[in-house]
2 protein chains.
Amino acid sequence: MSSLSEQALPLYQRVHDAVMARIVSGDLTPGAMLPSEFDLAAQYSVSQGTARKALNKLEQSGLVERHQGKGTFVATTTPETSLFHFFRLRHQDESQAIPQPFSETIRRRAANAKEAQVLSLEARGAVFEIARVRCIKKTKVCHETSVLNADLFPGLKERSPLPNALYPLYQRSYGVTIVRADEQLRAMEATSSIANMLAVSEATPVLEVERRAFDIVGRVVELRFSFYLTSQLHYSVSLR
Amino acid sequence: MSSLSEQALPLYQRVHDAVMARIVSGDLTPGAMLPSEFDLAAQYSVSQGTARKALNKLEQSGLVERHQGKGTFVATTTPETSLFHFFRLRHQDESQAIPQPFSETIRRRAANAKEAQVLSLEARGAVFEIARVRCIKKTKVCHETSVLNADLFPGLKERSPLPNALYPLYQRSYGVTIVRADEQLRAMEATSSIANMLAVSEATPVLEVERRAFDIVGRVVELRFSFYLTSQLHYSVSLR
DNA sequence: AAGTGGTCTAGACCACAAA
DNA sequence: TTGTGGTCTAGACCACTTT
């Protein structure tokens, strides 16, 4: 029996928030089964319909999955469904492009002013910088630099080489679930540094993507700059 | 009293589909008020809760808007909310960039093979091609070419000059509501033609956006190619 | 057979907006 | 004051999964 101290919020919202808090705190881990509608209703002294509405809201936001006859489970970022949800590069036939790791360097350093501001760190707080070049069919197609709050990812440097997809690593090993990514895209000429790493001539047009990745509670946990060669690939997005 | 012949579908789904059919057919036009939950329930012989679930689903898909104390209304693509929902260009501070019309040409011509396929036309069916250059603070920043099924937009050519935002025009004057846009983005060198129209040197990097715009029933009604200069602006998108 | 979520009902009361 | 949508309850029955 948990107490729901807040006033003025609808009951279903309080149940929703309480369950979400248990997920965020790690009390309920991805894959864990939640109490049934009936049990949840009893725990929070509401009707089954109200518990159902809270669970449905959690399902809509992607935090839990519901299956008739089986139960409600904390969502797992499964490889099939969303391993590459935030990776928007596609082949010309719109099939998912999956670049393979080519090189990787991880550094621990002090954040610059912009990074500290975006990641909500103290000035010059510690960050990890992951720089990777990836290729498709032996052709280098992207250079990505991810910057993370070092405190949230202890021992990250020792995990090198990192898996191809970083977000499942964040979730499984650090309990950080990425649910949203805001991206800014520009077309620019490759700098000499980028051109060198991607083995193209200087001033080749590249697609620059600046990403802020958010976790469940809305914190920016990753700032990433990517540079893509888009002669054979494109960035695909659906607006609705 | 409408009959809901289909079997095996949940009642709320049948009510949802029936109301959606009325909107798509033009029986209920944007801005029109829907029956209240109580009336709708009576019309389809279901409980108020079931009618409510159907209306909530319509609201989630953006087809209607609900306001406590006022009623439920067919969604209007209002200037404030979504006039520029599909226009993703932003200033550096993330404020909405609103380019002003600079030039416009509208042609009626036969569709090429790709256009016919994408727009589901017969080979060499009639299309309208709208080519526009737009600028911000007197600097040309984009060149856009939209291709439409001519049969869906009778007399479009005579409406020139078209308003800055095309989708409200599609909706108000032709009953075509755009609800989704799939976009493919690439960084490329400006062709001599594009460079000329945007008054930049050839081979300047430009952001190419290829868009397919879908209406309520899932038809592709517009194929658009845009070329943006992204030195002062960027394309902004939120993935979740 | 038991337990789960999915649908559906028929009411109740509340908050908000307009006449 | 009336009508609207928003919340909430307490039940019913169904479909699906597991034991």
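To find a chain, count down the sequence lines: A is the first, B the second, and so on, and within it residues start at 1. Heavy atoms only: backbone and side chains are in, while hydrogens, waters and symmetry mates are out.
Within the structure, every side-chain polar atom (N or O) of T72(A) is placed at least 4.0 Å from both OP1 and OP2 of dT4(C). The phosphate of dT9(D) has OP1 or OP2 within less than 4.0 Å of a side-chain N or O from T50(A). Under 4.0 angstrom from either OP1 or OP2 of dG5(C) there lies no side-chain N or O belonging to R52(A). Side-chain N/O atoms of R66(B) include one lying less than 4.0 angstrom from OP1 or OP2 on dG6(D).
Side-chain polar atoms of T230(A) and H234(A) form no donor-acceptor pair below 3.5 angstrom. Side-chain atoms of Q96(B) and R90(B) form a donor-acceptor pair, as typed in the model, at a separation below 3.5 Å. D17(B) and Q13(B) are linked by a side-chain donor-acceptor pair at a separation below 3.5 angstrom, with hydrogens and angles left out of the test.
In this entry the distance linking CD of Q68(A) with C1' of dG3(C) reads 12 Å, nearest Å. A straight line from CZ of R14(A) to C1' of dT7(D) spans 11 Å, rounded to a whole angstrom. The distance from atom CD of Q13(A) to atom P of dA15(C) is 17 Å, rounded to the nearest whole Å. Straight-line distance from the NZ atom of K57(A) to the C1' atom of dG6(D): 13 Å, rounded to whole Å. Distance M33(B) CE to dA17(C) P: 14 Å, rounded to the nearest Å. The separation between N56(B) atom CG and dT7(D) atom C1' is 12 Å, rounded to whole Å. Rounded to an integer number of Å, the gap from CZ of F38(B) to C1' of dA10(C) is 11 Å. E37(B) places its CD atom 18 Å from the P atom of dC13(C), with the value rounded to the nearest Å.
Closest to the K70(A) side chain, of the nucleotides dT17(D), dG5(C), dT9(C), is dT17(D). Nearest to the side chain of K53(B), among dT7(C), dA10(D), dT4(C), sits dT7(C). With distances taken from any side-chain atom of P10(B) to the nucleotides dT7(C), dT4(D), dT9(C), the minimum falls on dT7(C). Comparing atom distances between the D39(A) side chain and each of dT4(C), dG5(C), dT9(C) picks out dT4(C) as nearest.
Side-chain contact between D215(B) and T177(B) is absent, with no heavy atoms from C-beta onward closer than 4.5 Å.
Y12(B) comes within 4.0 angstrom of sugar-phosphate atoms only, judged by non-hydrogen atoms across all strands, and of no base.
At a threshold of 4.0 Å, the pair E210(B)-R224(B) does not count as salt-bridged, since none of the basic side-chain nitrogens sits closer than that to a carboxylate oxygen.
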